[in-house]
Amino acid sequence: MKSRSSQTDMRVDPKPDVSPFEIAKQALGHVGRFQTPPTPSVYEVWYRYVEGVDDIIANLSHAVEDVNSVTVDMLDQLHKQYCVPSETSNQMMAEELIGEMSSLQAVVDDQIQAGQTFGDSINEACDSLNQDNPSLEIVAACAKTMLVSNAAMQQQIKQLNQQLQASQEKVQALQHELIDSQRATMTDPLTGLGNRRHFEIGVRKSLVANDRDQRNTFLFVIDVDHFKTINDTYGHECGDKVIKYVASQISRHCTQGSISRIGGDEFAIIVDVADHQEASEIATELRKFFASTPLKLNASGDDLGTIKLSIGAACLREDDDEKSWFVRADKLLYQAKDGGRNNAVVEHFR
C-alpha cells in the first residue's frame, strides 16, 4: 500500500484555474488509456475520478495506479454507487410507495362507503317491516331488497379485497426495492462487504451513540502488506481473488463487527469490546490466522505464500469526530508498518 502522501498524489485534484474542459480532456485520456467504451456512465466515472471525488478515488486509484487494470464492470458498479444520486432513486420509490399507500386508503374508504350503503338498505327494509301488519307484498319487497343489497355488498367486498391484495403486494415489493436500493449504495461490489459510504455511516452511528462514554468502541484499519507484489506477479484477477478471500476471512473472524472495504487493499472494522485485551486479541487473531495460512493458485497450483496484515486500532474517545478517530487509527496502522509489517498496534483506553 502506498503512503498517505502518495495516495494523495494519485488524486487529480483540479486547481481553481483548471477548467472543466481540462478535466474532460483528462477523463477522455483515461477512457483511451484503459480502452473503456466512452459511454455516458463510463465517462462520468472518469470525470469524477479526475475531479477528485473521494469515494471514486478510494475505489479506483488502486486499479489505475497499482495494477494498471480497469474493467467496464468496475466502472459500471462505481457509477451506480456514486454517480447516480441514491436520494433521487429512493425519492422516486418513496413517492411511488406513498401513492400505493394512498390507494390502500382509497380501498378502505370504498369499503366503508359500501358498508354504509348496505346498512342504509337494511334500515330502510326494517322500517317497512316495522309497520303494523305489513302486507305480503311489502314483506316480499323488503326481502328482495335485502337479498339484492347483500349480493351487491358481497360483490363489492370481493372486488375491494382483490384491490387490497394487489395494493399490499405492490407496497411490499416497493419496500423490498427501497431496501435493496439502499443496501446497494453501501455495498462493495467485489467483496460484498460495506463500502466507504457504509463505513462513514458506521462511524457517525458510533459517534452519536447515547452510551458513548460507557462503551469501548474500536476502529480497526487493516492493510494487506505488499499487495502490489501479488498483482504485479500474478495479475489483477488473482489480486481480486485475494481481496475476496481476505474479506471473507475477516467476516468469519469478526462476526460482531461492522466491516467495510475502504480502499483497494484496505479494510475497516468498527466493533465494541470489553477492554483493551479483547481488542488486542482480535487484531492478533486476524494477523496470526492469515500469516499461518498458505495460499495456492487454483489454476496452476503455484504457492502464493501467506497473507500478511498490518493493523492499527484506535479506541473512540469522548472528544472524537469523524476525522480524528480515523486519523488516529491510520497513524497506528503506519506504526505497525514501520515496525516491520505483519504487525498490529492497538491503542490503550483513553
Side-chain angles (χ1 to χ4, degrees), residues 1 3-4 7-8 11 52-62 78 81-82 85-87 90 179 181-224 243 246-247 250-251 253-276 278-280 282-283 286 309-337 344-350:
M1 178 179 175
S3 67
R4 278 286 177 253
Q7 278 196 339
T8 303
R11 292 181 50 176
V53 174
D54 287 339
D55 285 327
I56 293 180
I57 292 292
N59 285 276
L60 194 55
S61 59
H62 171 71
L78 290 173
Q81 285 191 308
Y82 302 116
S86 60
E87 294 80 4
N90 290 343
I179 292 171
S181 174
Q182 292 172 335
R183 183 182 296 116
T185 64
M186 293 193 294
T187 302
D188 173 57
L190 177 64
T191 64
L193 296 178
N195 59 12
R196 181 173 285 270
R197 182 176 295 170
H198 173 268
F199 166 69
E200 291 170 351
I201 290 174
V203 169
R204 288 196 290 269
K205 285 182 178 179
S206 296
L207 291 173
V208 301
N210 292 331
D211 58 344
R212 178 172 165 182
D213 58 339
Q214 302 297 324
R215 299 157 69 228
N216 298 313
T217 304
F218 267 81
L219 168 58
F220 292 76
V221 180
I222 303 170
D223 185 73
V224 180
I243 291 297
V246 171
I250 290 177
S251 298
H253 284 80
C254 300
T255 57
Q256 302 302 315
S258 173
I259 308 171
S260 307
R261 181 187 178 209
I262 58 176
D265 60 333
E266 193 170 21
F267 300 86
I269 306 172
I270 299 173
V271 63
D272 292 339
V273 298
D275 49 33
H276 176 269
E278 183 180 354
S280 298
I282 290 173
L286 280 173
L309 301 182
S310 291
I311 303 173
C315 184
L316 180 62
R317 297 175 179 174
E318 185 69 22
D319 59 348
D320 267 330
D321 56 28
E322 295 177 29
K323 182 177 179 180
S324 64
W325 193 21
F326 176 78
V327 167
R328 212 165 57 254
D330 199 46
K331 287 181 178 178
L332 295 170
L333 167 66
Y334 278 91
Q335 288 181 27
K337 286 190 173 293
V345 179
V346 180
E347 182 180 60
H348 283 274
F349 287 167
R350 51 197 177 279

How long is the span from the [atom1] atom in [X] to the [atom2] atom in [Y], to the nearest 0.5 Å?
X      : Y      : atom1 : atom2 : answer
Arg328 : Cys315 : CZ    : SG    : 7.5 Å
Ile269 : Cys254 : CD1   : SG    : 4.0 Å
Leu316 : Glu347 : CG    : CD    : 10.0 Å
Ile270 : Ser260 : CD1   : OG    : 6.5 Å
Asp330 : Trp325 : CG    : CH2   : 14.0 Å
Arg197 : Ile262 : CZ    : CD1   : 15.5 Å

Mind checking side-chain contact (heavy atoms from CB on, under 4.5 Å) for [X] and listing every partner two or more places apart, or none if nothing turns up?
X      : value
Val246 : Val224, Val242, Ile250, Phe267, Phe290, Ile307
Ala344 : Ala283, Ile311
Thr191 : Asp188, Leu193, Ile243, Ala247, Arg261

Between the side chains of Asp272 and Thr217, does any donor sit under 3.5 Å from an acceptor?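 Yes, because at least one side-chain N or O of Asp272 sits under 3.5 Å from a partner of the opposite role on Thr217.
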If the plane angle is over 60° it's perpendicular, under 30° parallel, otherwise tilted; pick one for Phe326 and Phe199.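 Ring orientation, 0 to 90° scale: perpendicular.
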Okay, side chain of [X], backbone of [Y]: is any donor-acceptor separation there less than 3.5 Å?
X      : Y      : answer
Asp320 : Arg317 : yes
Glu278 : Ala274 : yes
Ser206 : Gly202 : yes

On a heavy-atom basis, which atom in Ala279 and which in Val346 lie closest, and how many Å separate them?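 That closest heavy-atom pairing would be CB-CG1, 3.9 Å.
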With a 4.5 Å limit on heavy-atom distance, are the side chains of [X] and [Y] in contact?
X      : Y      : result
Ser258 : His198 : yes
Leu333 : Phe220 : no
Glu322 : Leu207 : yes

The test is side chain to side chain contact (heavy atoms under 4.5 Å, CB included); show your working for Asp321 and Ser324 and say whether it passes. CA-CA 5 Å; Asp321 56 28; Ser324 64; 3.1 Å; yes
Thinking salt bridges, do Lys205 and Glu200 make one under a 4.0 Å N-O criterion?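 Not counted as a salt bridge, because no side-chain N and carboxylate O are separated by less than 4.0 Å.
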Determine, step by step, whether Val221 and Asp223 satisfy the side chain to side chain contact (heavy atoms under 4.5 Å, CB included) criterion, reporting the C-alpha distance in whole Å, the side-chain angles of both residues, the deciding distance to 0.1 Å, and the verdict. CA-CA 7 Å; Val221 180; Asp223 185 73; over 6 Å; no
